[in-house]
Amino acid sequence: MKQVAVTAEPISTAMALDPLEHLGGGALASFTGIARADCGVVALELEHYPGMTEQNLNALVDEAMARWTLLGCVVIHRVGKIAVGEQVVVVATAAHHRAEALDACAFLIDRLKTDAAFWKKEHRTDGSALWVEAKSTDDARAEKWSL
Amino acid sequence: MKQVAVTAEPISTAMALDPLEHLGGGALASFTGIARADCGVVALELEHYPGMTEQNLNALVDEAMARWTLLGCVVIHRVGKIAVGEQVVVVATAAHHRAEALDACAFLIDRLKTDAAFWKKEHRTDGSALWVEAKSTDDARAEKWSL
Amino acid sequence: MRFVYFARVREAVGMDCEERDVPVTVHTVQDCLDWLRQCDGRYAAAFAEPARLRYALDQQMVTADTPLDGYGELAIFPPVTGG
Amino acid sequence: MRFVYFARVREAVGMDCEERDVPVTVHTVQDCLDWLRQCDGRYAAAFAEPARLRYALDQQMVTADTPLDGYGELAIFPPVTGG
């Protein structure tokens, strides 16, 4: 079971976990990214490349399912304006055993950060807005998963 | 924020994630253990050592909060008779950044398996019931977290 | 001393817990096990495989050579299998 | 050729996308960047730091030395920052 979605509507961890709960697996893992109020940030704006982004996410899910024995993977990413405290991304995995579910979940969010066509802008209390720069720590974490 | 609970009532991932969602962190991670229908298992029976079990879980949460910068940890473990498909344990963590939330979540479930006073019995379709033996793979995974 | 048993050990002993006066010759957890084994065949069966036993004194995990001094409750159980 | 721009590059160029006939002297992604830079100062500003640019041809990530042959859409954008 796999599901990938890019949506401008609010998302929730439950949207990713619910379809995985009754696949017969003994282990579910989830990761949820939330817009943080760093340094006066009041909202994020997420842009994506329609078509390519979904391909990127599907490729990541396929890679996870090839590397680990999984019963299911769900990746849901929100786009558009996202207020602080709202969810930006949810990743969830189901497996028979916990190692697979936990590792695949970490892999999916680490690699999504470097491999999927999304761009993030931070809107601040003073009215300014700045594109977020890619982080070398994200590259390092994604690199850990190379075979 | 920390919360540890041992309960005979049904549990859900949401019970662990909900109190962590609005702490201002950018990252939530969760792990959910579900009773699996392995080899004719129809239900699990979870026994615990009241008082000691809660101490074990609190000690694990304290260790996680000392090792990683976390905004919150929740561990909820069900006891008593648990039907196949129902949730046995839920662990959730909140942090500013994803590495902390993901690592602490994996640490908590790995160490819970070897350090918390729970015992699991499998009830099968043929009416038989067998205590589950401790697994050396669980010891190995818990060992990975020693400093 | 209060003795508490869990899981397979509880079922083999046939009870959750019991209060017993411990003889003066019994100093450690190991001495307790040896003494109980001689009291009744059920203990001998329950404690047959020491490699598959764990112990707690007043809810703290201990090894078999730990003295009982000052403790009120000895728990005997198999390795844990939660989660 | 259809050109699409995202994020900081889109804002600097001043549009999401455009259709342009590419001169016969333009063979690779790099040639495209050089040609566009000469067309208008907005492109020169948008493409000022090649280390902070990424490219996709028909939605597949490519390097700057990739030939355009057979592709219909070139996307130019900064390194991704989702999640």
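Below, chains carry the letters A, B, ... as their sequence lines are ordered, and counting in each starts from 1.
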Q. For B:Ala29, is it the side chain, the backbone, both or neither that has a heavy atom under 4.5 Å from a heavy atom of chain A?
A.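 Both the backbone and the side chain of B:Ala29 come within 4.5 Å of chain A.
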Q. Given that the side chain runs from C-beta out, which part of B:Asp110 has a heavy atom under 4.5 Å from chain A: side chain, backbone, both or neither?
A.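 Both backbone and side chain.
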Q: Using side chain to side chain contact (heavy atoms under 4.5 Å, CB included) as the criterion, point out the one residue from B:Thr32, B:Val89, B:Asp138 that pairs with A:Arg98.
A: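 Considering B:Thr32, B:Val89, B:Asp138, a side chain to side chain contact (heavy atoms under 4.5 Å, CB included) with A:Arg98 is found only for B:Asp138.
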Q: Kindly give the heavy-atom pair with the smallest separation between A:Ile34 and B:Gly25, and that separation in Å.
A: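 Here A:Ile34 and B:Gly25 meet closest at CB-O, 3.6 Å.
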Q: Indicate the atoms forming the closest heavy-atom contact of B:Ala99 with A:Arg141, along with that distance.
A: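 Smallest interatomic distance, heavy atoms only, reads CB-NH1, 3.0 Å.
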Heavy-atom distances under 4.5 Å only: say whether [X] touches chain B with side chain, backbone, both or neither.
X        : answer
A:Ala37  : neither
A:Ala27  : both
A:Leu102 : side chain
A:Gln87  : side chain
A:Ala106 : both

Q) When only pairs under 4.5 Å are counted, which of A:Gly33, A:Gly24, A:Ala101, A:Ser30 shares the most heavy-atom pairs with chain B? A)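 Among the listed options, the one with the most contacts to chain B is A:Ser30.
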